[in-house]
Amino acid sequence: MAEPLTGAQILCRALLDEGVDLLFGYPGGAIMPFYHALPEYPGLRHVLVRHEQAAAHAADGYARASGRPGVCVATSGPGATNLVTGIATAHMDNTPLVAITGQVPRAMIGRDAFQETDIIGITQPITKHSRLVEDVAELADAVHEVFAVAREGRPGPVVLDVPKDVQSQKHEYAGRPARGADDAREGLLGVPTPTAVVEAARLIARAERPLVMAGHGVILSGAYGELRELAERTGIPVISTLLGISGFPESHPLHLGMPGMHGEVHVNRAIQQADLIIGVGLRFDDRVTGNLAAFARGAKVIHIELDASEIGKNVPVAVGLVGDARAVLGLLLEAVPRRHCDDWRAEIESFVRPRVESFRGDLSPEGILEELEHETAGRCTVVSDVGQHQMWVAKLFRYQRPNTHITSGGLGTMGFAVPAAMGVALARPGEPVWAISGDGGFQMNMQEIATMVQEGIPVKMAIFNNGYLGMVRQWQQFFHGRRYSATPIWSPDYVRLAEAYGIAGYRVERADQVTGAVRAALAHDGPALVEFLIEQEANVFPMIPPGASLSEPIESEAVSV
Amino acid sequence: MMTPRAVTVLLEDRLITFNRAVGLIRRRNLPVRSIAVGPTVTPGVSRLTIMIHSDEATAERAVQHLQKVVGVREAAAFPARDGVTRELALVKVRARGDRYAELLDVVQLYHASVVDDNPEAAIVELTGSEAFVLSCIRALERFEILEVARSGAVALEAGVGEAARVPANV
Ligand SMILES: Cc1ncc(C[n+]2csc(CCOP(=O)(O)OP(=O)(O)O)c2C)c(N)n1
């Protein structure tokens, strides 16, 4: 029989057996036995963050960029609760995130012990699964189970809560067990019925104004080739939702753009005129559909989705194809005849308007993003935060390579970009990774610059500084009579902040400084920060007012109240 | 069509699994009328019965969500009229000597029984559909009702339904 190990050692071994080589975490009392064991396993690199929220976001970013589960570690109580926003973010965007938390010793559970919180209870609505390990004998199994659940089917976050005394209990470690429970769960991964595939192919062959709407599922399943082939074989234009961006090359003549609240007018108009929408791996979120009752009234919907409970949840569906986007598209390709959509494409072309985001001043978000794209030759991953800049980053950068746009879509978590970009950078060494934030969101997690310095994580940070919580200010301008309540936001001197952390920092006030600063940041070996002082009251256009339909965009300031 | 429906779930009999299943029902805002849970003949497996008033799509979506919960083995839904729904109630009434005979008449009329007759208060046990149980309780109101405990409904689909085909579905 193998030598008994401590629970903490078993945890490390089980993590290694799951293929983990990177953890983001922060120690504390209830997780100390684990941190005691950690140095014995040099295969597990630990990145010490400055706030547990950042550990969760970094693990999330790592998972999104690598397709493998991201792991974060925290102590009980405040350590665990600091993870919550990151777990919720991963839950809404279906990221395989494994959160490991220390817990007070078993005998103390339920007695309001020092630093005890019921993290399983707190995270229950925002996890796919969670487990409190009640005995060391079940620890290894629990690790393998939560990884399997996080990864399989529609991915999502899991919590593994390990009491301190379980980390010290001794037991043998038998290695990764043969799969049991999760095999049964795989049966839940549906496959579309052959008749549904035939029916979908028939609808696609006959439609006059079809559209493909590609969501996050395209990226999660790696269905890039299949999506492209479907588009090219049928001539059907492709729309990408916020999380679907970079699932389809934007230089492709069939690429249309982003739909929804800040979608382009011609994209939303195409949706409203369409007679068939093929939704691939998305949930028809309200930010995409606008007022549901008035969404694509003339369109039949084919919905390809791994999670059967999503089909028909928001929009009525003519044909539901349950399954992995890549697999289902593969089946569909066998059944769909070659066709073209030239007339329809010409019609959509006639909907196109000149860009309405007429920025004043010469330093425009458009110009900055163009330069970023140019200087990296498009070979970088962009991680955006939440707000106006997020929409500009989504719409104005032209993504050519798969999975190069990463953002918090479902939860819209400010403060996501900087820590998530650390995970992305570690998943993609050698590739430039830009974290683009507003001055609000940047200040939510800028403490992580210290982590980058200590760990040598070369994230390039861009701050779009408009002196406001821009997106909220924009809503105040349009819907609250320009009362800018609590939206002006002061910033420190970011160049001096960079200096204090010992990283490169640049301030850009004019368009002619952009290239120089971007080049310098890219050339700098290690983390670097560039602050762009952009127009204070620039707006994101078009904009569908909340509750309105996709046919009612606000396209300029003139409409504002 | 909006109608009473039973959602039945076979799940691991651990509190966390029960918590997750019920939490999901709460989160998805389902129109719940009653929830009942109890053991099955399979060790380690409980049966959860959730009565809802909804259309078919809502019930089906609830089933799909429940099936995703780790620890849930089976979930199914059917309209209450396609099966048998039963609820048990214990009703404690004050039954003074002078009205005891009257109480027994009511009990007999509803095929109920007196399961405890302490001199101060009697406990009446009754079983039936939700409507039956309600009307019986109403009939007992003429005596002073001290306490009522209702079990919440359990239900089985008639015939060899979808659920009954699963061998472990007991
Ligand atoms: C954690 C969090 N708090 C609040 C919000 C609400 N919110 C959405 S956008 C926004 C403004 C963001 O401002 P900034 O970071 O400066 O970016 P900008 O919109 O100016 O580009 C706010 C406050 C949020 N999404 N997340």
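Here the structure is a predicted model, which is why all the values come from computation and not from measurement. In what follows, chains are A, B, ... by sequence order, proteins preceding strands, each numbered from 1.
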Just to be sure I understand the criterion: a residue of residues 16-25 of chain B counts if one of its heavy atoms is under 4.5 Å from a heavy atom of chain A. Which ones qualify? B:Ile16, B:Asn19, B:Arg20, B:Gly23
Identify which of A:Gly312, A:Ala308, A:Pro125 forms the greatest number of heavy-atom pairs closer than 4.5 Å to chain B. A:Pro125
Take atom CD in B:Glu147; do more than 12 heavy atoms of anything else shown fall under 6.0 Å from it? no
A:Arg151, CZ: over 12 other non-hydrogen atoms inside 6.0 angstrom: yes
Got a list of side-chain donor-acceptor pairs under 3.5 Å for residues 108-115 of chain B, not counting sequence neighbours?
none

Side chain, backbone, both or neither: which part of A:Ile311 has a non-hydrogen atom closer than 4.5 Å to chain B? backbone
Residue pair B:Lys68 / A:Asp307, side-chain heavy-atom distance below 4.5 Å: yes
Partner residues of B:Tyr100 under the ring-ring contact (aromatic ring centres under 6.0 Å, His included) criterion, sequence neighbours left out: none
Sort by residue number and list every residue of residues 59-66 of chain B having at least one heavy atom under 4.5 Å from chain A. B:Arg61, B:Gln64, B:His65
Just checking A:Asp112: does its CG atom have more than 12 heavy atoms from other residues, nucleotides or ligands closer to it than 6.0 angstrom? no
Got more than 12 heavy atoms from elsewhere within 6.0 Å of CZ, B:Arg27? yes
Greater than 12 external heavy atoms within 6.0 Å of B:Glu102's CD: yes
